[in-house]
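The structure appears below as structure tokens.
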Amino acid sequence: MQSLARQSIRGQVLSRSLLRPVSGVHARAVSTQAMSEADNLSLLNEQRAKRPSSPWHIYQPQLTSMSSIANRATGAGLSVGFYGIFLAHLAGVDSATMLDTFASLPGWMQLSTKALIAGPAAYHTLNGFRHLGWDLGYFLNLKTSYMAGYVVLGSTVVATAGLLAL
């Protein structure tokens, strides 16, 4: 009985053309021509020259794109700083010498140096939490994405001020 019902349903589906290609779409004629390898490469290079090489020419800067660029820049800058400290240790400079050198700097330079480290570190860390939220499926629509971006910026200011107060 069950196989009879399946055959009946299958017959109805096939008779309604649900499993067949759409018959209302007409094929259009496309002319093609054989090209030599040099002509093909020339056409390809001509088409590439017409395309913009960067989305900067197309899109207006947005909070999400600028925060992505800033996240990469702060990550690269922090990595360079950590590698610099590591290479100084390899060269024989110990931590006590680095701290003594930092303590001998004028107060404004100490504060500036701390700000150059604390700001990017706070931003990169907090923006990393925002990215984790995206990975978990949160803050994905436009409104919540911008809200999370502004929260990261505000929290970065507060965290940087807190780190500078230490």
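One-based numbering along the sequence shown.
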Q. Tyr83 and Leu78: same hydrophobic cluster, using ILVMFWY side-chain contacts below 4.5 Å?
A. no
Q. Roughly how far, to the nearest 0.5 Å, is CD1 of Ile117 from OG of Ser112?
A. 11.0 Å
Q) Does the side-chain contact (heavy atoms from CB on, under 4.5 Å) test come out yes or no for Thr74 and Asn127, once each step is laid out? A) CA-CA 10 Å; Thr74 55; Asn127 202 42; over 6 Å; no
Q. Within a strict 4.5 Å, meaning less than it, do heavy atoms of the Leu63 and Leu153 side chains meet?
A. yes
Q.
Assigning hydrophobic clusters by single linkage (Ile, Leu, Val, Met, Phe, Trp, Tyr; side-chain heavy-atom cutoff under 4.5 Å), is Val93 placed with Ile85?
A. yes
Q | Evaluation steps, side-chain contact (heavy atoms from CB on, under 4.5 Å), between Ser67 and Val152 | A | CA-CA 9 Å; Ser67 67; Val152 166; over 6 Å; no
Q: Mark yes or no for whether Trp134, through its side chain, and Leu140, through its backbone, hold a donor-acceptor pair below 3.5 Å.
A: no
**Q.** Donor-acceptor pair between Asn71 and His124 side chains, under 3.5 angstrom
**A.** yes
Q.
Do Leu142 and Tyr150 sit in one hydrophobic cluster, given that two such residues count as connected whenever their side-chain heavy atoms are within less than 4.5 Å of each other, even indirectly?
A. yes
Q: Hey, could you give me the CZ/OG distance between Arg130 and Ser68, rounded to the nearest 0.5 Å?
A: 8.5 Å
Q) Nearest heavy-atom pair of Ala121 and Thr125: which atoms, and what distance? A) O-OG1, 2.8 Å
Q: Could you grab the distance from atom OH of Tyr138 to atom CG of Leu132, nearest 0.5 Å is fine?
A: 12.0 Å
Q) Do you know which two heavy atoms are closest between Ala115 and Leu164, and how far apart they sit? A) N-CD2, 3.4 Å
Q.
To the nearest 0.5 Å, what is the distance between NE2 on His131 and CZ on Phe129?
A. 12.5 Å
Q. Do Trp108 and Leu105 share a hydrophobic cluster (ILVMFWY, side-chain heavy atoms under 4.5 Å, transitive)?
A. yes
Q: Check the surroundings of atom CZ in Phe102: do more than 12 heavy atoms from other residues, nucleotides or ligands lie under 6.0 Å from it?
A: yes
(Q) Can you give me the closest heavy-atom contact between Gly119 and Thr156, atom names plus distance? (A) O-CG2, 3.9 Å
Q) Just how far is it from atom CE of Met35 to atom CG of Leu44, taken to the nearest 0.5 Å? A) 9.5 Å
Q. Measuring from Ile69:CD1 to Met66:CE, what's the distance to the nearest 0.5 Å?
A. 4.0 Å
(Q) With no hydrogens and no angle check, just 3.5 Å: does a side-chain donor-acceptor pair link Asn45 and Ser42? (A) no
Q. Taking Tyr123 for the side chain and Thr160 for the main chain, is one N or O donor matched with an acceptor at less than 3.5 Å?
A. no
